[in-house]
Structure formats: C-alpha cells, structure tokens
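Hydrogens, waters and symmetry mates are skipped; everything else that's a heavy atom, side chains included, is used. First the proteins, then the strands, lettered A, B, ... as listed; each starts at 1.
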Number of protein chains: 2
Amino acid sequence: MINNPKKILRDHIEKVVKLTDNEFDFVIGHFALQSFKKTQFIIQAGDHVKDVFFILSGLVKLFYMDESAKQHIVSFAMEDWWETDFNAYYAQRRAVFSLACLENTETYSLSLENFNRLCNGLQKMEHFFLMKSIAGHIGSQERILSFLTSDARARYENLINKSPGLLQRVPKATLALYLGVSRETLSRLGS
Amino acid sequence: MINNPKKILRDHIEKVVKLTDNEFDFVIGHFALQSFKKTQFIIQAGDHVKDVFFILSGLVKLFYMDESAKQHIVSFAMEDWWETDFNAYYAQRRAVFSLACLENTETYSLSLENFNRLCNGLQKMEHFFLMKSIAGHIGSQERILSFLTSDARARYENLINKSPGLLQRVPKATLALYLGVSRETLSRLGS
DNA sequence: TAAAATCTGTGATGTTTGTCACGCCTACTT
DNA sequence: AAGTAGGCGTGACAAACATCACAGATTTTA
C-alpha cells in the first residue's frame, strides 16, 4: 500500500505546473483512490469508460483482443502514467480496448465530469493535461517509427533500453505481444 | 490560392469551441500565411523548429530519414490538419523529422511564443489544442494497432478505406513508405 | 506436498516480405 | 521529336518471421 498518494500526485503535477496548497486541495477533491489485484481487469472491452487512471503503483497493460482471441498490447503503464481507453473516455463510447493489471495496482481515478470541472475551475490543470497529452502523442509517434525502421531485434533492444525494468516485471511472452512478434521469435533473439 | 483562409481556420476551430468576432480577431493575429511548392521542404531534419502548421490546402509528409537515406513516413497531413515535428517544437530542440510537400501547400503558421500567448490570453484556445492533441494521440494509437494486428494487405486496405483520396494524390511507392512495406510488396498486393 | 498452470527454449517447416534486377509506360523537359 | 526521370509491375532468390509441436523448469494453486 502506498503511504502518501497525495504527495505522489502533487509532485507529479508540479513537475509541470506549480500549485498552491489551496489549489491542490481543490484538485485532489476530484480524484478517488482505487486498488486492483494482479490479473484483474480495470476496463473490459465493451464497458462504459467512466474514468482515466493515474497509476500510483503497479503495472497495467492496455490491449486489443482480436477475433481469434489474440491480445495486442497498445501500451504498458506504470507508476506516474495516465491510462485509459482515451477514445472511449473522451467520446463517451464503449471501450474497444481492455485495461488489465500485470501487478497489484493502485490508482487515482478521475471521471470525465470531474476532469471537465477541474479544467474549468483551474486553468493550470487544463495546461497540465495538454502537456501530458502532447507527451503521449510524441511517445506514440516514436513507437510508430520503431515499427517503420526496426526489425524484431532492434525493437526489442529499443524497448529494454527505454524501460529496463519491464524485463524483470513482465514475462517475455507478454513483451512479444507489445513488440508485435511471436514469443518464439522473441525467444530466439537470444542475448 | 485559397480565397478565404480566415474562414477556413475559424470554421475549423469552431467545430470545437465557439468564438466571438472579437475573440477570433485576437486569435487570427497570431497566425501567418505561408505557401510552399510541391517537393519543397517546410522543415528539414536539424532545423530549429519555430512553427506548427495548419494546412489550408495541399498535402505534406512528415518523415524520418535513416542512416541509409531511406525515408519512413510517420504521417501524412492534408487540409484541416496540424503538423510539425512536435517534439522539436514544444521542447525547442532541433528537428529529427522532416516535413515536405507532396503538393503545392498553403499554411497558417503559429510560433511557440504565439501559441503560448494564445493559450494564456484565451482559455478556450488551450481547450481547443487539448482536444486536437487528444485526437492526435488516439489516431497514433490506431496506427500502432494496425502494425500489431495487420499484415501488409490489411494495413493497405485500412489506409485506403480511411483516406480514399490518398490513392489519387500520392504515388504507391510513397504509400509504401507509410505502410512500412517495400514498394514491390505493395505492388504485388494487386486489387 | 501434489497437481496444475505458466514460462521459456528449440527443432522443423511454411509463409510473408525484402532485395536486386529488369522492362514498359507516361509525363515532363529541352 | 528525342531524351530523361518517375511510376509501376514482375521474376528470382534470400532473409525474416509465424506456426506447430514438444519438453524441461518454475511458479501457483488446491
């Protein structure tokens, strides 16, 4: 159990925008603590998506399950990341992706109503979310580029360089679902 | 030459946030018209990136050139799209990507200084850019998903379904650079 | 602690895709 | 009108990768 979740969130936000104590009190009122166990689903495809989740601790996968029940991992999210099915969340549609825990996970959840109240009530927070969204967009472009420029081995090395911890926290077969290669090919890369 | 660029930009913004005449006058003062010819570079890798570009007419490619001089197209942008090397723009770094015209192209450019003035002066515009950034992020995730779930043929069919016009406006060899397949493989897909 | 499930590696084989090479056609240029 | 460059298709071959099958090791569960 995280000892001081409020401090974690505040530090995270203040890397982008400074807040007074009063402002942070206003902010924190919009969030709700939740915790999930390993293998548990936070969002199931088809669900109505109420919340975006700030990960306080743990590790989750955002994935799409195709017609033949194969999982395709769009992204991992761990400490200090925001995750949800963003399309479903902002457009108020049913989830196409699922979000499931690879470890026990604690989150702050933020409903869309509270998201809007927060942005309207405190312009700094709209700016904060804009910066986060831009960072997410840039990260996705890097991932696209790795598919265009790199083969399986280079994508794998790229991943463990950027997130060395993942290798310890996630089975290789799961990494394969993120890299877009079969687990056998990934295994044969050696090293 | 576009007859009424101001109206195009205003209509585009008002799909997200409504503006008074006074507000739009304030907004438009931050933009500068520019035009480029087919094959011309708007941004070259290594440049200092001053502007983000709103495409009024025409078609551009955002691409990365690797060590062996191969181009990898991260995205196409056409009418009503915003494009730049976002990482270089927001972080004030040198461009890693290049931006070049596939057709004669007219743009409104917005410098980072003006972007910040605009967001600070009119909260609605910060909201507008947040919505645009979210849409960009979601679009990138769809593209990632197509690499994970689809082979060359399915990615190609997916692309022409989503943007039928591209097939008429762009040579197939260029589409191949976007799809991440060789032009020979794309040619052999037939149909 | 025994049983079941998960994780990983590896061989054999087939499919997909990349690379190199060539030729045809069209459009633009001088 | 001749020359040049770009766009497109295609054959031959090699490389990368997927799939199926099996086995040993580790972890989880009952």
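dT28(D) atom P lies 13 Å from atom CD of Glu103(A), rounded to whole Å. Here dT8(C) presents its P atom at 7 Å from NZ of Lys172(A), a figure rounded to the nearest Å. Between the CG atom of Leu167(B) and the P atom of dC8(D) there is a distance of 9 Å, given to the nearest Å. Rounded to whole Å, the distance from CG on Leu102(B) to P on dG6(D) is 15 Å. Taking atom CG of residue Leu186(A) and atom C1' of nucleotide dT19(D), one finds them 16 Å apart after rounding to whole Å.
The aromatic rings of Phe26(B) and His30(B) lie perpendicular to each other, with more than 60° between the two planes, well past the 30° mark.
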Q: Using the salt bridge (charged side-chain N to carboxylate O under 4.0 Å, His left out) rule, take Lys7(B) and Asp11(B) through it: C-alpha gap first, then chi angles, then the decisive distance, then the call.
A: CA-CA 6 Å; Lys7(B) 177 168 164 42; Asp11(B) 286 351; 2.8 Å; yes
Q: Report the C-alpha separation of Phe54(A) and Trp81(A) in whole Å, then their side-chain angles, then the decisive distance to 0.1 Å, and conclude whether the side chain to side chain contact (heavy atoms under 4.5 Å, CB included) test is met.
A: CA-CA 6 Å; Phe54(A) 175 71; Trp81(A) 279 82; over 6 Å; no
What N/O pairs connect the protein and nucleotides 14-17 of chain D at under 3.5 Å? Give each pair on its own line.
from: dC17(D); atom 1: OP1; to: Ala152(A); atom 2: N; distance (Å): 3.1

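If you check every strand for non-hydrogen atoms under 4.0 Å, Lys70(B) touches sugar and phosphate atoms only.
A side-chain donor from one of Ser133(A) and Ser133(B) sits under 3.5 Å from a side-chain acceptor of the other.
For a distance-only test at 3.5 Å, the side chain of Arg188(B) fails to qualify as a donor-acceptor partner of the base of dG18(C).
Using a 4.5 Å cut-off on side-chain heavy atoms (C-beta onward), Arg143(B) and Phe147(A) make no contact.
Out of dT8(C), dA12(C), dT19(C), the shortest distance to the side chain of Glu184(B) is found at dT19(C). Distance from the side chain of Arg183(B) is smallest for dG9(D) among the nucleotides dG9(D), dT8(C), dA12(C). In this structure, of dG9(C), dA12(C), dC7(C), it is dG9(C) that holds the atom nearest to the side chain of Ser187(A).
Annotation: cation-pi pair Lys132(B)/Phe129(B) absent, no NZ/CZ under 6.0 Å from the ring centroid and within 45° of its normal.
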